[in-house]
Amino acid sequence: MTDTAETGAATAPSPFNRLLATAGFVQFADQIALTALPITAVLALGAGPGLVGALVAAQTAAWLLVSLPAGVVVDRMPKRLVLRIALTISLIAATSATAAALWNSVVLLAIAAFLAAAGTVTFVLVQIGLIPKLVTPGTLPRANARIELARASASAAAPFIVGQLATHVSPLAGYPLAAFLALAALACAMTIRIDDDAAPAVAKPPVLQAIAEGARFVLAEPLLRAIGLCAVFWNFAFVALLAVFIPFALTRLGTDAAGAGLAQGINGLGMILAAAVAPAIFARVEPRAVLLFGPVSSALGAIMMVLAPSFGGIVLAALAFGIIGFGPMLWLVMQTSVRQIVTPPALMGRVTATIQVAIYGVRPIGALAGGLVGQYAGLDAAIVMVAAAFATSALVSLASPLARLKEMPAPA
């Protein structure tokens with residue numbers, strides 16, 4: 001194992017740096033495609049809100065439908081091979097989405113959006129399993145922080161890039177850019193050279209049994225169980241907040257759509273800042289401090305959001321979004337590192353997929369809950385519900401082994 005997060009060969013990028021470059025291209029391609037989908041549907045295909053919602057649902061469904069079987073594939077096949085297959089699927093999908101827009105085919109666009117997301121889902125599963133092979137356990141947090149910095153940067157930049165392209169070039173320009181970025185990701189992945197390991201040549205259980213093994217390990221491992229439960233409550237709260245924030249800002253904070261969008265965008269800046277400073281913070285504090293700070297800071301941000309109509313208005317709401325971006329990003333990097341350490345390599349794909357499905361499965365519930373509470377009990381009540389869910393996430397962490405983790409656990 002080579003510590004390529006700290007150092008790299010002077011003459012060529014290290015395997016980790018090649019993976020980092022690949023991840024950067026993948027995340028930018030994914031975020032560009034995610035942003036381009038509704039713009040392409042509305043401006044090129046004349047879609048209404050219902051059709052746009054169906055297309056976005058097709059895109060996000062991949063995280064639910066593909067994660068678990070992809071986790072089995074990642075654990076059973078050489079990771080380099082799965083990596084290249086996943087990125088090839090993403091490239092074909094982005095190219096097909098461009099053709100769908102040109103041919104005015106909603107069905108082809110939906111299929112392409114699903115496949116592009118499926119490629120990203122599979123890549124993320126492989127990426128999380130590869131990083132421990134390329135860096136030492138002590139540098140996992142730093143390596144994961146660099147990966148997350150690329151993702152946060154893509155999330156912040158994609159809406160601006162796609163908006164500019166749609167305004168000044170063409171409503172169809174987003175997907176060709178996504179295809180180019182997917183091609184760049186595949187080219188980078190082809191240069192990654194590692195000592196890959198296929199699963200041992202032993203009898204493999206059926207797919208459903210293999211999936212169940214990953215889920216049982218998550219439930220049996222106290223740290224993973226706490227991470228998963230904390231993430232479920234956090235994602236429920238965050239998506240509920242996104243579902244109600246725009247009407248909340250327009251009616252209760254006295255701002256316009258531009259102001260509300262700017263406030264929400266501060267979340268991305270908080271994520272970028274956290275990913276950038278994470279290595280310095282991790283070198284000075286215990287893991288438990290980070291694992292508690294993430295959910296507790298989110299609860300604090302939600303309380304600020306509750307108080308915003310009376311004190312501070314949109315400025316306080318923007319600051320709250322920044323805090324909700326900063327603390328949880330630090331938590332994400334640290335908990336990913338903990339997961340990579342305590343999970344046996346043979347289970348890494350399935351364990352990651354199990355947690356991923358739990359997180360993305362609760363997101364639609366959060367969105368529906370936010371909308372229903374906002375509709376029938378009022379927007380203030382919806383924000384209070386968000387704060388309660390964030391507080392529950394913090395209480396889960398406080399009551400779990402995460403609060404007692406003074407140093408990184410021993411490798412599995």
Side-chain angles (χ1 to χ4, degrees), residues 1-2 4-5 13-31 62-94 115-135 140 143-144 146-148 150-151 154 181-200 204 207 210-211 213-214 217-218 332-333 335-337 339-341 343-357 359-360 412:
M1 186 181 294
T2 304
T4 53
S14 64
F16 173 77
N17 286 334
R18 294 176 189 272
L19 179 64
L20 176 62
T22 304
F25 283 122
V26 169
Q27 293 298 338
F28 267 95
D30 181 64
Q31 291 299 318
W63 291 90
L64 288 176
L65 301 179
V66 175
S67 290
L68 291 176
V72 176
V73 171
V74 169
D75 285 340
R76 290 184 174 182
M77 294 178 60
K79 290 180 174 55
R80 282 184 299 173
L81 176 60
V82 180
L83 187 72
R84 294 170 183 178
I85 292 174
L87 296 180
T88 299
I89 291 173
S90 293
L91 173 59
I92 293 173
L115 290 177
T120 301
V121 170
T122 307
F123 170 81
V124 170
L125 295 176
V126 177
Q127 166 199 290
I128 290 176
L130 277 180
I131 293 175
K133 299 177 181 296
L134 304 180
V135 304
L140 271 175
N144 286 317
R146 294 175 67 185
I147 293 285
E148 289 301 327
R151 184 178 70 87
L181 292 168
L183 177 61
L186 180 59
C188 283
M190 298 296 289
T191 69
I192 298 175
R193 297 288 183 268
I194 59 171
D195 294 330
D196 205 356
D197 60 328
K204 298 180 175 64
V207 172
I211 291 172
E213 287 177 356
F217 187 82
V218 172
L332 175 62
V333 173
Q335 65 91 357
T336 300
S337 304
R339 280 195 286 130
Q340 290 166 327
I341 290 174
T343 304
L347 283 171
M348 189 72 73
R350 283 167 285 169
V351 165
T352 302
T354 298
I355 295 176
Q356 199 162 267
V357 165
I359 291 172
Y360 282 90

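Numbering starts at 1 and runs along the sequence shown. The structure presented is a predicted model; accordingly, all values stated were derived computationally and were not measured.
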Got [X] and [Y] here, is their nearest side-chain heavy-atom distance under 4.5 Å?
X	Y	result
I85	L81	yes
I341	P132	no
F217	R350	no
L332	R151	yes
F123	T22	yes
R339	M348	no
I92	L115	no

For [X] against [Y], the heavy-atom pair lying closest together:
X	Y	answer
C188	F25	SG-CE1, 3.7 Å
I192	R80	O-CD, 3.8 Å
G214	V351	O-CG2, 4.0 Å
L83	A189	CD2-CB, 3.9 Å
A210	R76	CB-NH2, 3.7 Å
G119	S90	CA-OG, 3.3 Å

From [X] atom [atom1] to [Y] atom [atom2], the distance as rounded to the nearest 0.5 Å:
X	Y	atom1	atom2	result
E148	T336	CD	OG1	6.0 Å
S14	L134	OG	CG	8.0 Å
I89	L186	CD1	CG	11.5 Å
Q127	T122	CD	OG1	12.5 Å
T120	D30	OG1	CG	4.0 Å

In sequence, state the C-alpha distance, the side-chain angles, and the governing distance for I359 and I355, and then conclude on side chain to side chain contact (heavy atoms under 4.5 Å, CB included). CA-CA 6 Å; I359 291 172; I355 295 176; 3.8 Å; yes
Mark yes or no for whether Q340, through its side chain, and I128, through its backbone, hold a donor-acceptor pair below 3.5 Å.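 Confirmed, Q340 side chain pairs with I128 backbone.
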Are any side-chain N or O atoms of T352 and backbone N or O atoms of G349, one a donor and one an acceptor, separated by less than 3.5 Å?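 A pair under 3.5 Å: no.
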Going by atom types only, do S337 and N144 share a side-chain donor-acceptor pair under 3.5 Å?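 There is such a pair (donor and acceptor under 3.5 Å, judged by atom type) between the side chains of S337 and N144.
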Pairs of donor and acceptor atoms involving the side chains of residues 67-74, under 3.5 Å and at least two apart or interchain, shall be tabulated with distances.
unit_1 : atom_1 : unit_2 : atom_2 : d
S67    : OG     : W63    : O      : 2.6
S67    : OG     : Q356   : NE2    : 2.9

